[in-house]
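Single-structure report; data block below.
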2 protein chains.
Amino acid sequence: MQRKTVGVAERPAFADTIIKGDCVAALEQLPSASIDVVFGDPPYNLQLESGLTRPDQSVVDAVDDEWDKFASFEAYDAFTRAWLLAVRRVMKPDASIWVIGSYHNIFRVGTMLQDLGFWILNDVVWRKTNPMPNFRGKRFTNAHETMIWASRNPNSRYTFNYEAMKAFNDDVQMRSDWLIPICTGSERLKDDAGHKIHPTQKPEALLARVLLASSKTGDVVLDPFFGSGTTGAVAKRLGRHYVGVEREQGYIDAATARIAAVETAPAATLELLKGKRSEPRVPFGALLERGLVTPGAILTDARGRHQARVRADGSLESGERVGSIHRVGALVQGFDACNGWTFWHVHDRGQLTLIDDLRKIVRDEMAAAGA
Amino acid sequence: MQRKTVGVAERPAFADTIIKGDCVAALEQLPSASIDVVFGDPPYNLQLESGLTRPDQSVVDAVDDEWDKFASFEAYDAFTRAWLLAVRRVMKPDASIWVIGSYHNIFRVGTMLQDLGFWILNDVVWRKTNPMPNFRGKRFTNAHETMIWASRNPNSRYTFNYEAMKAFNDDVQMRSDWLIPICTGSERLKDDAGHKIHPTQKPEALLARVLLASSKTGDVVLDPFFGSGTTGAVAKRLGRHYVGVEREQGYIDAATARIAAVETAPAATLELLKGKRSEPRVPFGALLERGLVTPGAILTDARGRHQARVRADGSLESGERVGSIHRVGALVQGFDACNGWTFWHVHDRGQLTLIDDLRKIVRDEMAAAGA
DNA sequence: CAAGCGGGTGAATCGAGAA
DNA sequence: CTTCTCGATTCACCCGCTT
């Protein structure tokens with residue numbers, strides 16, 4: 001009997017590389033129809049003019065890089081059209097694309113996507129737990145960014161890991177608004193002097209949810225504005241391949257070193273949930289995003305009689321039993337139902353911590369954001 | 001001496017009426033620059049092709065009205081351009097406009113707003129507590145809609161009730177994501193047979209927050225797609241005037257009856273919290289005149305690291321630095337700017353008193369005198 | 001060592017009014 | 001038009017140092 005490699009393509013030669021150069025020109029090096037998912041974080045065209053200071057007179061370190069300067073909306077539209085066309089050529093017919101932006105540019109991106117025949121599947125709102133305040137009290141706090149998720153054309157059979165997203169979100173459908181902190185602390189790349197390497201580094205939690213939702217292991221993910229390489233780091237961690245395009249050597253160097261330090265999660269933890277399920281309540285996935293629980297971690301009950309392994313999508317596995325924290329908790333005990341939050345514990349330096357206690361930490365964040 | 005009616009315009013003849021007709025044609029009846037705020041809920045261009053059914057095969061009562069059909073994106077853009085231009089003509093120079101939409105149309109609306117020279121202030125996300133689930137399991141639950149808030153041009157001095165919004169939000173700045181339930185229950189207008197009268201009736205809570213944020217009592221609010229009249233009902237309740245444009249007599253009748261049943265809230269409850277900006281200006285010299293500060297007195301910052309002497313004309317001197325309380329405050333700290341009121345303190349019997357607190361005394365005197 | 005305090009910072013289209 | 005002055009305005013989180 002022959003083994004069929006269903007959905008497991010050969011790893012292409014360009015996989016896991018960063019191509020130096022302008023987005024459109026560099027993409028000509030890639031063959032047509034070779035990419036499974038695209039994540040694009042293009043310049044936002046902020047067009048900031050005067051400096052901004054906080055009430056304490058400290059200066060806000062704004063985005064003032066050359067790559068964010070455009071002469072007009074027309075120029076930005078031409079730029080957007082060009083890179084979207086170049087990206088579409090290398091997308092497989094069933095590939096999908098994500099583009100992130102703010103109100104400065106996202107409406108133009110969305111219009112261009114529609115005009116070029118892409119098919120919008122969702123607009124997804126990244127709600128920031130800790131946005132920068134509005135220092136002048138003249139507008140609402142700009143507390144979110146928008147991602148557009150679109151397929152290559154209206155008939156694409158794009159990947160959407162519905163059950164995995166549902167398990168991630170504690171067995172209710174994943175919504176179009178995601179609450180995730182901005183990239184700070186040790187995750188934020190800094191140079192020897194402690195200055196941030198990239199002005200707009202995205203949080204890995206955001207990319208992780210994007211890739212878990214819309215790609216399979218072994219897929220090739222293209223990021224045409226690679227920057228500090230968040231897409232590549234998360235792709236590698238989740239067992240996907242990446243291709244990056246980046247103009248500046250400094251970013252390429254930083255991203256290369258960053259990705260080299262990433263380890264791919266064990267294959268078993270990357271299996272996505274497939275079947276049907278049922279049960280309620282607050283996202284276990286958020287604990288993973290916050291790093292309070294890591295994929296591959298072992299959960300046990302209070303007396304250590306049962307154990308289960310955490311998978312990257314927030315589901316658990318214990319032997320052949322797979323499902324949400326509630327479902328697996330019920331299965332290992334032979335019960336019909338179980339509140340996973342008050343059943344499972346994590347080990348941390350010899351201590352047992354109830355995951356419900358970890359949830360309290362996240363709840364405080366959510367409460368702070370008005371969730 | 002003549003009494004000036006500052007900020008209290010005459011109630012125009014068209015206030016609190018619904019004009020029947022097509023949006024663009026109907027707006028020609030209104031004079032230029034007569035509207036303070038616009039809320040537009042245009043057709044979303046949903047382009048649903050086949051009927052949607054739930055998992056139990058029941059039929060979803062979706063939007064399928066004639067007004068939501070457009071032949072192409074070009075046709076939708078032409079429609080959008082036309083009504084936005086008509087609306088802009090009747091907007092006062094300092095008016096602002098809200099447009100609500102979903103990913104089907106909001107990118108085209110946003111692009112057109114920018115192309116026509118409107119100035120986007122925020123995009124605000126209405127997060128639905130109870131959105132319709134995604135029945136097919138092929139996408140994220142569409143759990144939000146997007147509102148664009150824009151001023152007529154980049155230099156408009158639009159209304160934003162910052163302090164009121166902050167108080168509304170537990171004393172932290174109002175964010176760009178609002179969590180509000182969809183319109184259901186008794187608020188949802190239904191006919192005698194129990195069928196909903198309008199397919200996309202917006203919740204009053206949404207309009208209330210919009211109008212509380214961006215309008216003043218007595219303002220005239222235009223809704224060019226009046227529908228079931230939510231904008232009018234909320235405007236009346238909050239002491240604003242409304243003008244509606246609506247094509248269908250059925251909606252006009254329903255809205256008219258609905259608004260007639262609304263009572264305007266007592267004026268006292270409609271007063272908005274105001275910040276320092278709207279309080280009467282008190283020059284530092286007034287503190288000298290009142291004897292609250294005497295010439296020759298030494299002012300210091302909170303920690304006593306900087307000091308300055310008060311001169312008879314209300315200026316300060318600190319070494320060779322001379323100027324206003326603000327200028328000298330900035331100079332001694334090496335800043336470009338400083339609010340002297342919240343920086344300098346006076347010594348009084350061993351106590352440090354912020355000069356801003358002394359200003360409050362003067363303001364209270366002025367208020368008591370009816371100034 | 002835990003708790004508390006001070007300092008720093010993040011994709012931001014961030015005055016108003018008089019002269 | 002421009003230029004100048006007055007003076008209003010910040011939330012969540014991380015890090016490091018002190019108590």
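We name chains A, B, ... by the order of the sequence lines, and we start the count at 1 in each one.
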Could you work out the separation of C:dC1 and D:dC17 based on their C1' atoms and round it to a whole Å? 14 Å

Any donor-acceptor N/O pair under 3.5 Å between C:dA16 base and A:K138 side chain: no

Between CG of B:L316 and P of D:dC6 the distance, given in whole Å, is 11 Å

**Message:** Suppose we call two aromatic rings close when their centres sit under 6.0 Å apart. Are A:W67 and A:F225 close by that rule?
**Reply:** no

- Message: Working note: A:R175 + A:D177, criterion salt bridge (charged side-chain N to carboxylate O under 4.0 Å, His left out); need CA distance, chi angles, decisive distance, verdict.
- Response: CA-CA 5 Å; A:R175 296 165 46 110; A:D177 55 327; 2.8 Å; yes

Whole-Å distance, A:R108 CZ to C:dA11 P, equals 24 Å

Rounded to whole angstrom, note down the P distance from C:dA12 over to D:dT5. 30 Å

task: Take the angle between the ring planes of B:F284 and B:W341 and call it parallel below 30°, perpendicular above 60°, tilted in between.
output: perpendicular

inquiry  = For a quick check of understanding: with a heavy-atom distance under 4.0 Å over all strands, which category does B:R327 fall into, base, sugar-phosphate or nothing?
reply    = nothing

| said: With a 4.0 Å cut-off on N to O distance, would you call B:D94 and B:R152 a salt bridge? | reply: no

Of all heavy-atom pairs linking A:T141 and B:Q173, the shortest is OG1-OE1, 2.7 Å

Across the strands shown, which category fits A:W67 at heavy-atom distances under 4.0 angstrom: base, sugar-phosphate, nothing?
-> base

Should the pair B:W98 and A:F140 be assigned to parallel (<30°), tilted (30 to 60°) or perpendicular (>60°) ring geometry? perpendicular

The correct set of residues in residues 69-78 of chain A placing a heavy atom under 4.0 Å from DNA chain D is none

Check your understanding: Any ion pair linking A:D41 and A:K202 (charged N to carboxylate O, less than 4.0 Å)?
Key -> yes

- prompt: What nucleic acid atoms does B:I120 come within less than 4.0 Å of, heavy atoms only: base, sugar-phosphate, or nothing?
  reply: base

*asked:* Considering every strand and a 4.0 Å limit on heavy-atom distances, what is the contact class for A:P42: base, sugar-phosphate, or nothing?
replied: base

Would you tabulate the pairs of protein nitrogen or oxygen atoms and nucleotide nitrogen or oxygen atoms of nucleotides 8-10 of chain D closer than 3.5 angstrom?
residue : atom : partner : partner atom : Å
D:dA8   : OP2  : B:N339  : ND2          : 3.4
D:dA8   : OP2  : B:R359  : NH2          : 2.8
D:dT9   : OP1  : B:E163  : OE2          : 3.4
D:dT9   : O3'  : B:Y162  : OH           : 3.2
D:dT9   : O2   : A:F135  : O            : 2.8
D:dT9   : O2   : A:R136  : NH1          : 3.0
D:dT10  : OP1  : B:Y162  : OH           : 2.5
D:dT10  : OP1  : B:K166  : NZ           : 2.5

Checking C:dG7, D:dC13, C:dC14 against the side chain of A:R139 (C-beta onward), the nearest is C:dC14

To the nearest angstrom, the CZ-P distance between A:F225 and C:dA11 comes to 18 Å

Practice item. Scan B:P154 against the nucleic acid and name what it touches under 4.0 Å (heavy atoms): base, sugar-phosphate only, or nothing. Key: nothing

Q.
Looking at A:W178, I'd like to know if the NZ or CZ of A:R209 sits under 6.0 Å from its six-membered ring centre while staying within 45 degrees of the ring's axis.
A. yes

When you check the gap from the basic side-chain N to the acidic O, do B:D219 and B:K92 get nearer than 4.0 Å? no

Please state whether the rings of A:H198 and A:Y251 are parallel, tilted or perpendicular, taking 30° and 60° as the class boundaries. tilted

When rounded to whole Å, the CG to C1' distance for the pair A:N130 and D:dC11 reads 9 Å

Just N and O in the side chain of A:K196: are any of them under 4.0 Å from OP1 or OP2 of C:dT9? no

How far, in whole Å, is C:dA11 from D:dG7 if one measures between their C1' atoms? 28 Å

The Watson-Crick or G-U wobble partner of C:dG7, with both key distances under 3.5 Å, is D:dC14

Comparing nearest nucleotides in DNA chain C, the 5'-proximal residue of the pair A:S50, A:S58 is A:S58

From CG of B:L354 across to P of D:dG7 the rounded distance in Å is 14 Å

Between CZ of A:R188 and P of D:dC13 the distance, given in whole Å, is 16 Å

Just checking A:D61: base, sugar-phosphate only, or nothing, at a heavy-atom cut-off of under 4.0 Å? sugar-phosphate

Can A:E145 and A:K128 be counted as an ion pair, charged N to O under 4.0 angstrom? yes

The side-chain contact (heavy atoms from CB on, under 4.5 Å) partners of B:T111 (sequence neighbours excluded) come to A:F107, A:R108, A:T111, B:D115

Next item on the list: May I ask you to say what A:T184 touches in the nucleic acid, namely base, sugar-phosphate or nothing, with a heavy-atom cut-off under 4.0 Å?
Entry: sugar-phosphate

Span that lies between the P atom of D:dA12 and that of C:dC14, in whole angstrom: 23 Å

Notebook entry, point to check: Using a cut-off of less than 4.0 Å, is there contact between a side-chain N or O of B:H326 and OP1 or OP2 of D:dG7?
Noted result: yes

Between NZ of A:K190 and C1' of D:dC14 the distance, given in whole Å, is 8 Å

Under a 3.5 Å limit on both distances, the Watson-Crick or wobble mate of D:dC6 is C:dG15

note: A:L52, atom CG; C:dT9, atom P; distance rounded to Å ~ 14 Å

message: If I pick the C1' atom on D:dT10 and the same atom on C:dG10, what distance separates them, to the nearest angstrom?
response: 12 Å

Of B:S156 and A:G51, the one whose nearest nucleotide on DNA chain C sits closer to the 5' end is A:G51

